[in-house]
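Notes follow once the structure below has been shown.
Hydrogens, waters and symmetry mates play no part in the numbers below; they use all other heavy atoms, side chains included.
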Amino acid sequence: MLADRSRLHIALQKSGRLSDLSRELLRDAGFRIQSSKNSLTARVENFPAELMFVRDDDIPTFVSDGVCEFGIVGENVLEEFALGENEQRYEVLAELGFGRCSLKLAAPESLAFDGPRSLAGARIATSYPRITARYLADQGIDATVVKMNGAVELAPRLQIANFICDLVSTGATLEANGLRPVETVLDSQAVLIRTRKPLDQKRAEIAAGLLSRVDGVLATKESKYIMLNATEESLEQITAILPGAEAPTIVPLHGRPGHFAVHAVCQESVFWETLQKLKGAGASAILVVPIEKMMM
Ligand code: PRT
Ligand code: ZN
């Protein structure tokens with residue numbers, strides 16, 4: 001699997017909840033991925049990188065060992081891995097805003113729960129034994145963690161455990177199994193990680209290119225381009241209202257002395273409320289447009 005060392009290797013989940021969105025992020029960053037849903041690797045046609053499709057649980061190991069320089073994985077999987085390591089051999093570069101879920105403690109509807117102390121002496125089934133054990137230690141609770149690799153929500157019914165600690169997004173699975181969430185142990189989303197193993201100069205340059213493109217995609221998700229007209233007196237107030245805009249461009253309007261056009265990239269969401277405030281401060285002809293690409 002260790003192919004061409006002049007290319008970067010990016011570990012993505014082969015199939016599962018993160019796989020489509022991970023590929024979509026790379027596509028939005030302008031990478032043309034050879035279509036090969038069933039293959040273990042795919043070349044990026046227009047960038048010196050190769051994708052490796054693996055189980056999500058293997059991604060932290062691959063990146064820590066430097067087999068892949070980059071990877072996209074859920075914080076839940078990453079944290080469980082990190083708790084079993086002596087030193088952190090990867091770094092988190094960016095939160096990607098997808099794959100959101102929470103690791104929650106859940107109890108059968110019939111079981112009373114009166115805060116974490118209700119867990120004392122109980123058995124808790126989970127696929128995340130290290131995160132669960134850390135939570136219990138933080139709370140000063142003595143309980144038994146039972147590791148299961150799947151179907152955790154069945155554990156109380158099978159009398160394997162009293163409680164479970166499992167990932168929840170909509171909560172429908174818990175409900176269908178007569179369980180209710182009682183405590184949140186960890187909030188998670190997909191993150192981009194990078195190996196701490198040093199890269200040679202060529203691959204360090206390629207890595208910087210990859211990062212700047214991904215940063216660009218993440219920035220444009222929230223960003224908007226605002227254009228408006230303003231009088232000279234209102235400029236100061238208007239530029240103060242523009243959300244997350246640094247150094248707007250201000251140019252005089254032809255044939256209208258004392259009037260200016262203000263253009264700015266706003267790094268935060270622009271709400272109707274903001275537009276009303278701008279209008280109130282003297283802005284007119286306000287346009288808000290999406291940004292397709294951005295490189296800082
Ligand atoms: O085969 P591989 O090992 O790669 O995949 P996997 O089966 O281990 O993982 P997969 O594809 O199910 O999830 C990959 C990642 O998606 C997880 O590690 C999380 O970071 C993230 N994620 C986001 C979720 C969920 N939401 C989620 N709801 N992972 C799992 N679930 C499961 C949960 O375990 C439970 O069974 O969905 C069920 C609950 O969903 P709701 O909507 O009913 O609450
Ligand atoms: Zn997995």
With heavy-atom distances below 4.5 Å as the criterion, would you say the side chains of [X] and [Y] are in contact?
{"X": "Y135", "Y": "L105", "value": "yes"}
{"X": "V67", "Y": "H9", "value": "no"}
{"X": "F98", "Y": "I72", "value": "yes"}
{"X": "L210", "Y": "I10", "value": "yes"}
{"X": "Q139", "Y": "E183", "value": "no"}
{"X": "L242", "Y": "V262", "value": "yes"}
{"X": "V77", "Y": "I59", "value": "no"}
{"X": "L192", "Y": "L211", "value": "yes"}

Minimum-distance pair of heavy atoms, taken over all atoms of [X] and [Y]:
{"X": "R194", "Y": "A207", "answer": "NH1-CB, 4.2 Å"}
{"X": "Y128", "Y": "T126", "answer": "N-OG1, 2.9 Å"}
{"X": "K293", "Y": "T220", "answer": "C-CG2, 3.8 Å"}
{"X": "N229", "Y": "A285", "answer": "ND2-CB, 3.9 Å"}
{"X": "G209", "Y": "F47", "answer": "C-CZ, 4.2 Å"}
{"X": "E109", "Y": "L179", "answer": "OE2-O, 3.6 Å"}

Same cluster for [X] and [Y] if Ile/Leu/Val/Met/Phe/Trp/Tyr side chains link at under 4.5 Å?
{"X": "L103", "Y": "L154", "answer": "no"}
{"X": "I291", "Y": "I286", "answer": "no"}
{"X": "V251", "Y": "M227", "answer": "no"}
{"X": "V182", "Y": "L174", "answer": "no"}
{"X": "F163", "Y": "V146", "answer": "no"}

Inset, instruction - May I have the step-by-step check of side-chain contact (heavy atoms from CB on, under 4.5 Å) for L111 and F113, ending in yes or no? - result: CA-CA 6 Å; L111 194 68; F113 186 83; over 6 Å; no
How about [atom1] on [X], more than 12 heavy atoms from neighbouring residues, nucleotides or ligands closer than 6.0 Å, or not?
{"X": "K202", "atom1": "NZ", "answer": "no"}
{"X": "E175", "atom1": "CD", "answer": "no"}
{"X": "Q159", "atom1": "CD", "answer": "no"}
{"X": "D142", "atom1": "CG", "answer": "no"}
{"X": "R256", "atom1": "CZ", "answer": "no"}

Has [X] got a side-chain atom pairing as donor or acceptor with [Y]'s backbone, closer than 3.5 angstrom?
{"X": "S127", "Y": "M148", "value": "yes"}
{"X": "Q189", "Y": "G97", "value": "yes"}
{"X": "S169", "Y": "C101", "value": "no"}
{"X": "N46", "Y": "R32", "value": "yes"}
{"X": "E153", "Y": "N177", "value": "no"}
{"X": "R180", "Y": "P108", "value": "yes"}
{"X": "R123", "Y": "I160", "value": "yes"}

Got a second to check how far [X]'s [atom1] is from [Y]'s [atom2], nearest 0.5 Å?
{"X": "L287", "Y": "K224", "atom1": "CG", "atom2": "NZ", "result": "13.5 Å"}
{"X": "F70", "Y": "L93", "atom1": "CZ", "atom2": "CG", "result": "6.0 Å"}
{"X": "I131", "Y": "E80", "atom1": "CD1", "atom2": "CD", "result": "5.0 Å"}
{"X": "L235", "Y": "H259", "atom1": "CG", "atom2": "NE2", "result": "10.5 Å"}
{"X": "I124", "Y": "L119", "atom1": "CD1", "atom2": "CG", "result": "4.5 Å"}
{"X": "L12", "Y": "C68", "atom1": "CG", "atom2": "SG", "result": "8.5 Å"}

Do [Y] and [X] meet the salt-bridge criterion of a basic N to acidic O distance under 4.0 Å?
{"X": "D200", "Y": "R203", "value": "yes"}
{"X": "E87", "Y": "R196", "value": "no"}
{"X": "R100", "Y": "D187", "value": "no"}

Inset, instruction - Starting from the C-alpha separation in whole Å, work towards a yes-or-no answer on side-chain contact (heavy atoms from CB on, under 4.5 Å) for R23 and F53. - result: CA-CA 11 Å; R23 286 175 202 227; F53 302 117; 3.5 Å; yes
Inset, instruction - Go through I206 and L8 one step at a time and tell me if the side-chain contact (heavy atoms from CB on, under 4.5 Å) criterion holds. - result: CA-CA 7 Å; I206 307 171; L8 283 182; 3.7 Å; yes
Legend entry - side-chain contact (heavy atoms from CB on, under 4.5 Å) evaluation trace for V73 with V63: CA-CA 10 Å; V73 67; V63 173; over 6 Å; no
